[in-house]
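All remarks here apply to the structure that follows.
Order of listing sets the numbers, starting from 1, for every ligand and every atom in it. FYI, the numbering just counts along the sequence from 1. Only this structure's heavy atoms are used, side chains among them; waters, hydrogens and symmetry mates stay out.
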Amino acid sequence: MPVDAASIARAADVVRQGGAVGFPTETVYGLGVNAFDERAVAKMFELKGRPRFNPVIVHASDLEQVRQIVADFPDQARALADAFWPGPLTLVLPKRPSVPDLVTAGLATVGVRVPAHSAARELIEQAGTAVAAPSANRSGRVSPTTAQHVLAEFGDDLPIILDAGPCVGGVESTVVSLAGSRPVVMRLGGVTVEELGRVVGPADVSAEVPADPDDAERARASPGMLERHYAPRTPLHLVDKLDGLDVPALGRRAGLLTLTDPGSQARAFVSVECLSAAGELREAAANLFAALRRLDDASLDVIVALRVPEHGLGRAINDRLSRASTAEQA
Ligand code: TXA
Ligand code: MG
């Protein structure tokens with residue numbers, strides 16, 4: 001349903017009454033429920049098929065509401081909030097007791113963010129409550145960047161999906177933990193490590209990638225770091241270069257995901273997705289998940305993805321490609 005005053009009011013009603021809605025943010029579409037309604041949160045976990053050890057981000061419309069969710073808001077949080085909110089940054093901070101354990105998967109911390117998309121903030125305001133929302137995809141799958149993607153994931157299971165067109169960001173929020181003495185990036189995302197560094201100094205990037213997704217203890221740290229996640233159904237082979245790659249050996253029908261036009265090397269593939277003709281990483285991030293979905297729907301035997309430059313948003317793009325991949329070649 002197109003975003004307007006009436007559809008936002010209806011979606012807010014659904015949230016107030018304990019239901020789940022699909023809604024746009026600047027990063028990806030979310031599956032939103034009242035963060036303080038434990039039954040609604042449980043329903044959302046079930047809908048997504050999400051493991052209970054994976055905490056959910058709580059979305060607030062402003063700083064005042066954030067303070068009702070977190071028990072402490074240190075100076076570093078303040079500086080990051082001033083610099084990047086509303087926007088694609090999630091801060092992990094000590095939670096207030098009123099935040100249900102189900103939302104935080106039993107952790108003492110909660111991930112909070114103020115989204116930049118006006119429809120998201122209006123939904124939260126009108127619902128009169130903070131909104132717990134994971135990306136609106138079945139657990140482990142590619143995140144949705146259009147309302148059509150959400151519909152493809154959940155069909156008639158959602159009473160309403162607010163449609164504001166394609167997301168401008170395309171990769172999810174950067175998750176930063178401020179629980180320790182230094183900020184730690186738990187998930188690379190829309191705010192780059194370089195941008196973070198300009199505000200709080202060098203941040204550590206968590207290299208903790210649980211080898212086994214069933215290893216709940218380690219996965220609890222931030223399941224966005226699970227090794228295989230954001231994954232298409234088609235096997236994805238991640239490479240550094242196309243030169244010397246024996247494409248037919250990988251599969252008869254191969255598709256290619258690249259940043260820029262691969263020139264004559266495109267001939268080895270039945271389907272090619274270029275993320276940005278100009279090689280712009282911001283544009284590439286916005287196109288990433290839709291391109292992955294198109295390739296996944298093209299009845300391919302294999303998707304070959306070419307790594308993008310490892311700086312700025314390229315780090316988040318490579319991170320997602322790596323988690324989507326079944327095989328990597330350094
Ligand atoms: O851009 C986004 O963040 C989107 C939109 C809808 O806001 N949401 C999103 O949610 O990507 P989800 O559930 O797909 O990913 C949330 C990530 C997971 O990796 C989760 O483990 C991490 O945030 N997270 C949430 N709360 C946490 C906490 N207390 N400690 C550590 N990681 C946390
Ligand atoms: Mg997700």
I'd like to know if Arg50 contacts ligand 1, where contact means a heavy-atom distance under 4.0 Å to any ligand atom. yes
Flag if over 12 foreign heavy atoms under 6.0 Å of CZ, Arg16: yes
When you compare the side chains of Thr90 and Ser173, does any donor N or O come within less than 3.5 Å of an acceptor on the partner? yes
Shortest reach to atom 10 (O) of ligand 1 by a heavy atom, considering only Ala105, Ser143, Ser135, Ala179: Ser135
Pick from Pro55, Gly111, Pro24: the one approaching atom 33 (C) of ligand 1 most closely through a non-hydrogen atom: Pro55
Picking from Asp204, Thr109, Val92, Leu93, what satisfies side chain to side chain contact (heavy atoms under 4.5 Å, CB included) with Ser177? Val92
Between Ser271 and Arg294, is any side-chain donor less than 3.5 angstrom from a side-chain acceptor? no
Quick check: does Thr25 get an N/O under 3.5 Å from an N/O on ligand 1? no
Could you work out, for atom 16 (C) of ligand 1, the closest of Leu89, Val58, Val184, Ile57 by heavy-atom distance? Ile57
Indicate whether the side chain of Glu273 and that of Asn287 have a donor and an acceptor atom separated by less than 3.5 Å. no
One finds that the ligand 1 atoms under 4.0 Å from a non-hydrogen atom of Val175 are 23 (O)
Considering Val92, Val131, Leu91, which one's heavy-atom position lies nearest to atom 30 (N) of ligand 1? Val92
Does any donor atom in the side chain of Asn137 or Glu153 lie under 3.5 Å from an acceptor atom in the other side chain? no
Please classify the Arg187 to ligand 1 contact at 4.0 Å (heavy-atom distances, strictly less than): side chain, backbone, both or neither. side chain
Option set Pro88, Ser139, Gly169, Gly30, criterion heavy-atom distance to atom 6 (C) of ligand 1, minimum: Gly30
Are Trp85 and Val185 connected, step by step, through hydrophobic side chains (Ile, Leu, Val, Met, Phe, Trp, Tyr) whose heavy atoms are closer than 4.5 Å? yes
Purely on distance, is any nitrogen or oxygen of Lys48 under 3.5 Å from one on ligand 1? no
Evaluate whether atom CD of Glu64 has more than 12 neighbouring non-hydrogen atoms of other residues, nucleotides or ligands under 6.0 angstrom away. no
Ignoring hydrogens and angles, state whether a donor on the side chain of Glu280 or Ser276 is under 3.5 Å from an acceptor on the partner side chain. no
Is the closest N or O pair between His59 and ligand 1 shorter than 3.5 Å? yes
Minimum heavy-atom distance Ala254-Leu300, with the two atoms named: C-CD2, 4.0 Å
Under 4.0 Å from one or more heavy atoms of Thr27, ligand 1 contributes atoms 1 (O), 2 (C), 4 (C), 5 (C)
Check the Mg ion (ligand 2) and write out every protein N, O or S atom at under 2.8 Å, as residue and atom. Ser135 OG
Mind jotting down which residue pairs meet the salt bridge (charged side-chain N to carboxylate O under 4.0 Å, His left out) criterion with at least one end in residues 26-54? Sequence neighbours excluded, please. Glu26-Arg113
I'd like to know whether CG of Asp4 has more than 12 heavy-atom contacts from other residues, nucleotides or ligands below 6.0 angstrom. yes
Out of Thr109, Leu93, Asn54, who gets a non-hydrogen atom closest to atom 29 (N) of ligand 1? Thr109
